[in-house]
Amino acid sequence: MAPTLAEPFSDSSALTDFVINQGNGVKGLSEMGLKALPKQYIQPVEERMCMTNILAQESIPIIDMSNWEDPQMAKSICDAASKWGFFQIVNHDVPVEVLENVKDATYRFFGLPAEVKNKYSKDHSPSNNVRFGTSFSPQAEKALEWKDYLSLFYVSEEEASALWPAVCREQVLDYMKKSEVVIKQLLLVLMKGLKVNEIDETKKSLLMGSMRTNLNYYPICPNPELTVGVGRHSDVSTLTILLQDEIGGLFVRGNQGDNWIHVPPIKGSLVINVGDALQILSNGWYRSVEHRVVANGSKNRISVPIFVNPRPGDMIGPLPELIANGEKPIYKQVLYSDYVKHFFRKAHDGKKTVEFAEL
């Protein structure tokens, strides 16, 4: 039962019940036609996007992947990973129809009735590997974020067939499978840039031992300037491969001060960013960079990131080849699952998670 529009959700427990317990998410709030943003979503002024801080002339690199043998392309990737932490790739090997199919599947999942989506919520999902949720860590946040998501941690085809929602299962699996070629190519180039020329099984596990795909839904928002779709953070992954739709709204922190660069949607492109795990493994040569998503007052937006990670039981720290070459380590060895738990037990807070691994 939705509360009345007259005084919607002045009581936080009514909002929690409607959004989280009943599985309506912010999509349910958006579809009520609220005239004002519920106070639980109003971010502190310092966390809102200030339009004067946007660098309109700047853009992250766009790299053409059509010729893998071109040393200039490899240099562009390594330069982008060290200077920007973000780049877009075009003419890659993931077919456009695979990307379109997974976008359609995302809309299909979020179009399901709340009671069906709610079967995958924290309290009802048959597995921690399949999670429908809202915001980031509602129990830890002072102000909520305007986003719903479905998170799918890949274990095996068998588990996916048994547990993932049927409306999106095949399309997500196909997207992950087809992206793997590009992920391997990127990691190979990035390792060679560190003079690590061989990826054995141990390294393969550290770089891409596990994968998680999120389907993100950012519905139309009343007073979008008062909240965020996603707050400032860097990812805990090795690499993130992001498919965004045509709406836009992803911003990356620039190289100087509190300035932000919009990542414009390019049809058929994928956005690649370095995660904290790769910053740690590379001993700081490659940078994970803060990014955020703004809310939108007139259009629904979706995005589909693949988070490429170490395995939870892996110890991560600077690669031994770098230390053998005489580099001083700036990070200690940490258990990857401890690092991830540290990230999720607090609200988004920029790049503070990486301090957990600093010496």
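Because the structure is a prediction, the values reported are computed rather than measured.
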- Task: Would you check, one step at a time, whether the test salt bridge (Lys or Arg N to Asp or Glu O under 4.0 Å) holds for Glu246 with Arg301?
- Result: CA-CA 8 Å; Glu246 71 287 353; Arg301 175 181 184 265; over 6 Å; no

- Query: Checking side chain to side chain donor-acceptor pair (under 3.5 Å) for the pair Glu327/Trp285: CA distance, chi angles, key distance, verdict?
  - Reply: CA-CA 11 Å; Glu327 276 189 36; Trp285 281 99; 2.6 Å; yes

- side chain to side chain contact (heavy atoms under 4.5 Å, CB included) between Cys221 and Leu37, worked out: CA-CA 7 Å; Cys221 179; Leu37 187 72; 3.7 Å; yes

- Query: So Lys177 and Glu170, salt bridge (Lys or Arg N to Asp or Glu O under 4.0 Å) or not? Walk me through it.
  - Reply: CA-CA 10 Å; Lys177 211 174 293 173; Glu170 296 307 321; over 6 Å; no

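Here the OG-CG distance, from Ser210 to Asn309, works out to 4.0 Å after rounding to the nearest 0.5 Å. The distance from the CD1 atom of Ile62 to the CD1 atom of Ile89 is 12.0 Å, given to the nearest 0.5 Å. A distance of 6.0 Å separates CG in Leu29 from CG in Leu15, rounded to the nearest 0.5 Å. Summarising the geometry, atom CZ belonging to Arg131 is positioned 10.5 Å from atom CG belonging to Leu150; distances are rounded to the nearest 0.5 Å. Taken from OH in Tyr286 to CG in Leu278, the straight-line distance is 7.5 Å, to the nearest 0.5 Å.
At least one side-chain heavy atom of Tyr41 sits under 4.5 Å from a side-chain heavy atom of Val19. With a 4.5 Å cut-off on side-chain heavy atoms, Arg212 and Ser151 count as touching. Two residues are said to be in side-chain contact when any heavy atoms from C-beta on lie closer than 4.5 Å; Leu194 and Leu322 meet this criterion. Side-chain contact between Glu358 and Tyr331 is present, with heavy atoms from C-beta onward closer than 4.5 Å. Side chains of Glu225 and Arg48 form no contact here, defined as non-hydrogen atoms less than 4.5 Å apart. Looking at heavy atoms from C-beta onward, Leu226 lies out of side-chain contact with Trp146 at the 4.5 angstrom threshold. Two residues are said to be in side-chain contact when any heavy atoms from C-beta on lie closer than 4.5 Å; Asn259 and Arg253 fail this criterion. Using a 4.5 Å heavy-atom threshold, the side chains of Val196 and Leu319 count as touching.
Two different hydrophobic clusters hold Phe109 and Phe307 under the rule that ILVMFWY side chains link at heavy-atom gaps under 4.5 Å. Taken together through direct or relayed side-chain contacts under 4.5 Å among Ile, Leu, Val, Met, Phe, Trp and Tyr, Met176 and Ile302 form part of one hydrophobic cluster. Follow the hydrophobic side-chain contacts under 4.5 Å out from Phe18 and you never reach Ile220; the two are in separate clusters.
In terms of heavy-atom proximity, Ala357 sits nearest to Tyr339 at CB-CE1, 4.3 Å. Shortest non-hydrogen contact noted between Leu152 and Pro165 is CD2-CD, 4.1 Å. Across every non-hydrogen atom of Glu180 and Met208, the tightest pair is CG-CE, 3.9 Å. Pairing each heavy atom of Asn283 with each of Ile330, the nearest pair is OD1-N, 2.9 Å. Residues Leu206 and Met315 come closest through the heavy atom pair CD2-O, 3.3 Å. Closest non-hydrogen pair, Val102 versus Leu243, comes out as CG1-CD2, 3.4 Å.
For the 3.5 Å distance criterion, the side chains of Asn101 and Asp174 fail to qualify, holding no donor opposite an acceptor. Checked by atom type, the side-chain pair Ser269/Gln88 shows a donor-acceptor distance below 3.5 Å. Side-chain atoms of Asn118 and Gln22 form no donor-acceptor pair, as typed in the model, at a separation below 3.5 Å.
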Would you mind writing out the side-chain donor-acceptor pairs for residues 184-193 within the sub-3.5 Å range, not counting sequence neighbours?
unit_1: Gln185; atom_1: OE1; unit_2: Trp68; atom_2: NE1; d: 2.8

Between side-chain atoms of residues 90-98 and protein atoms elsewhere (two or more places apart, or another chain), which donor-acceptor pairs fall under 3.5 Å?
unit_1: Asn91; atom_1: ND2; unit_2: Asp64; atom_2: OD1; d: 3.2
unit_1: Asn91; atom_1: ND2; unit_2: Asp64; atom_2: OD2; d: 3.1
unit_1: His92; atom_1: ND1; unit_2: Val94; atom_2: N; d: 3.1
unit_1: His92; atom_1: ND1; unit_2: Val94; atom_2: O; d: 3.4
unit_1: His92; atom_1: NE2; unit_2: Gly268; atom_2: O; d: 2.7

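Taking 4.0 Å as the cut-off between side-chain N and carboxylate O, Lys204 and Asp200 do not count as a salt-bridged pair. Salt-bridge annotation for Glu100 and Lys267: present, with a side-chain N of the basic residue lying under 4.0 Å from a carboxylate O of the acidic one. With respect to the salt-bridge test (charged N to carboxylate O, under 4.0 angstrom), the residues Glu145 and Arg292 do not qualify. The pair Lys83-Asp79 fails the salt-bridge criterion, with no side-chain N (NZ, NE, NH1 or NH2) lying under 4.0 Å from an Asp/Glu carboxylate O.
A cation-pi arrangement is absent between Arg287 and Trp84 under the rule of less than 6.0 angstrom and at most 45 degrees off the ring axis.
Within the 3.5 Å criterion, the main-chain N or O of Gln244 finds no donor-acceptor partner in the side chain of Ser303.
Using the six-membered ring where Trp is involved, His262 and Phe251 have ring planes that are tilted, between 30° and 60° apart. Between Phe110 and Phe132, the ring planes lie tilted relative to each other; the angle falls in the 30° to 60° range.
Applying side-chain contact (heavy atoms from CB on, under 4.5 Å) to Ser179 and the options Val182, Ile183, Val181 leaves one that passes, Ile183.
A centroid separation of less than 6.0 Å is found between the aromatic rings of Phe86 and His291.
Evaluation of the side-chain hydrogen bond (donor to acceptor under 3.5 Å, both in side chains) rule for Ser205 yields Arg311, Asp314 as partners, not counting sequence neighbours.
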